[in-house]
Amino acid sequence: MRIVIVEYGMGNVHSIASTLKYLNVSDVIISSDQEILKNSDKIILPGVGSFAKAMQRIREAELDTLLYKLSVEEKKPLLGICLGMQLLGRSSPEDGYNEGLGFVNGDVSRFDSSGLKVPHVGFNQVKPSAQAKLFHGFTGTPDFYFTHSYRMLSDEDINQSVCDYDGEFVAGFEVNNIAGVQFHPELSQQNGLRLLKNFIEKF
Amino acid sequence: MLRKRIIFSLIYNDGFFTQSRNFRLQKVGDLKWLEKNYGFQKIAFSLDELIVVNASRTNKSVSDFASMIRLLVNDVFIPICAGGGIRSMEEAELLFKNGADKIIMNTALYKNPELIKELIRNYGSQSVVASVDYKTSNGINEVYIADGTEKIDKNLEQYLEYLELLDIGEIYLNSVDKDGTGFGYDFATIHDIAKKINKPLIIAGGAGNEKHLIEGLQINEVSAVATANLFNFIGDGLPNAREKIIASGLNIANWNPDQISIES
């Protein structure tokens, strides 16, 4: 199996790659090359940092149109992680209003209650959606590692799994072949390994 | 519910991991020693996070340090925070590329706030942990930078306000007086300032056993407890401490310990 981790200069992709290798994925490639992405079995969109900067880099590399073609039209499995998940949504106000890729109906906003510690950092419990393939085999409310100041909210059914930090937000979603997780499975011990294994096997 | 964290800090000095006592460094062993005595990949499964600080006094090469990080993080699936001596975006990027998920900054917070702002613009505030070293003298908490050698003109409270305005992601608060003593954290200061901090607060300096970790975790505003004590937590010290902490009912992550099956 060939999984391509999209490299567009936003954060640590090393740990995602080493997790996939640990899970015996035979072919793990870190790249933004269009041909390599076209010839992948699955795509992971990672990301740490600013939404505005990330979208700018994605557009410059014309990855927005390519990802639309591959994942929305051709149904290639796509997993967004952390900022990568947020980018799959419609918009974010981080560094000024910016449109995202718009593959799912969710909007990003900042945690903003007074007295709330921001960023939201650490392991927190996730309430999985019963239909979520990513959470296949999990019971209860498993812990995953989060670190973020902005979160996605959605009024619509995007098959969301939720986490509570000053109210529920989207910890993960799955719409057909397109999924996203706000937390970092690659930093979430056995729980994260299990979730990524589900992405490898069930998508 | 957001869990509290147990963090292990490794202090790296010229090729060796060290035991620090009041910031005086004693060489303990290299990466092989750490692997042998801590079974690192195994022990990582009882930690919430790992912080690795380059405290090298003679050769503070970020690229050598980054190469060591790359080896250290192999098959360790927990967040890694690394830093020490970072003075440029390129040096920070080198750490991110070699497996760091966040970076810990100290001297540059005070000397080069523009670099901090640039880091936050690029990597987000959650990627920047502010390391704050202080000593208590005549009841005043004085802040030090440059590996505890240079006193600055702000006291602890003023400095924490300054850091909040910089919008760093977390505070790593380290008492130089308590560092490496194993006598417990500086609870007087922690109780005094914890409520004034709106960022996740990691306390460090002085933990010698799991009772100290528990006492720290019981403080509402404390997000994480850190220990850098290589001696007191050797062998199964950390997994055992975690078990006792979970048994005491504290709110920390409880992972499914089952090994997942991996088909080859």
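Heavy atoms only: backbone and side chains are in, while hydrogens, waters and symmetry mates are out.
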Value rounded to 0.5 Å, distance of [atom1] in [X] from [atom2] in [Y]:
| X | Y | atom1 | atom2 | value |
| --- | --- | --- | --- | --- |
| A:S15 | B:I78 | OG | CD1 | 11.5 Å |
| B:E49 | A:F123 | CD | CZ | 8.5 Å |
| B:E170 | A:T147 | CD | OG1 | 6.0 Å |

[X], [atom1]: over 12 other non-hydrogen atoms inside 6.0 angstrom:
| X | atom1 | answer |
| --- | --- | --- |
| A:E99 | CD | no |
| B:M1 | CE | no |
| A:E62 | CD | no |
| B:K97 | NZ | no |
| A:D155 | CG | no |
| A:K75 | NZ | yes |

Please check: side-chain N/O of A:D143 versus main-chain N/O of B:A253, any donor-acceptor pairing under 3.5 Å?
no
Proximity breakdown for [X] and chain B, heavy-atom pairs closer than 4.5 Å:
| X | value |
| --- | --- |
| A:S50 | both |
| A:E186 | backbone |
| A:L83 | neither |
| A:H184 | neither |

Among B:S125, B:S223, B:G124, B:A100, single out the residue with the greatest number of heavy-atom pairs under 4.5 Å to chain A.
B:A100
Partner chain A: residue of B:N74, B:I120, B:L2, B:I252 with the largest heavy-atom pair count (under 4.5 Å):
B:L2
Measuring heavy-atom distances to chain A, does [X] have an atom under 4.5 Å in its side chain, in its backbone, in both, or in neither?
| X | value |
| --- | --- |
| B:E93 | neither |
| B:L47 | backbone |
| B:K102 | side chain |

If you take all heavy atoms of [X] and [Y], which pair is closest and at what distance?
| X | Y | result |
| --- | --- | --- |
| B:D167 | A:R110 | OD1-NH2, 4.2 Å |
| B:R5 | A:V121 | NH1-CG1, 3.4 Å |
| A:V118 | B:K199 | O-NZ, 3.2 Å |
| B:D101 | A:L187 | OD2-CD2, 3.4 Å |

Among [options], who wins on heavy-atom pairs under 4.5 Å with chain B?
| options | answer |
| --- | --- |
| A:D164, A:T19, A:V13 | A:T19 |
| A:K53, A:H120, A:Q125 | A:Q125 |
| A:H148, A:K117, A:K21 | A:K117 |

A:H14 side chain near B:N98 side chain, heavy-atom distance below 4.5 Å:
no
Tell me, do B:F77 and A:Q190 make a side-chain contact under 4.5 Å, heavy atoms counted?
no
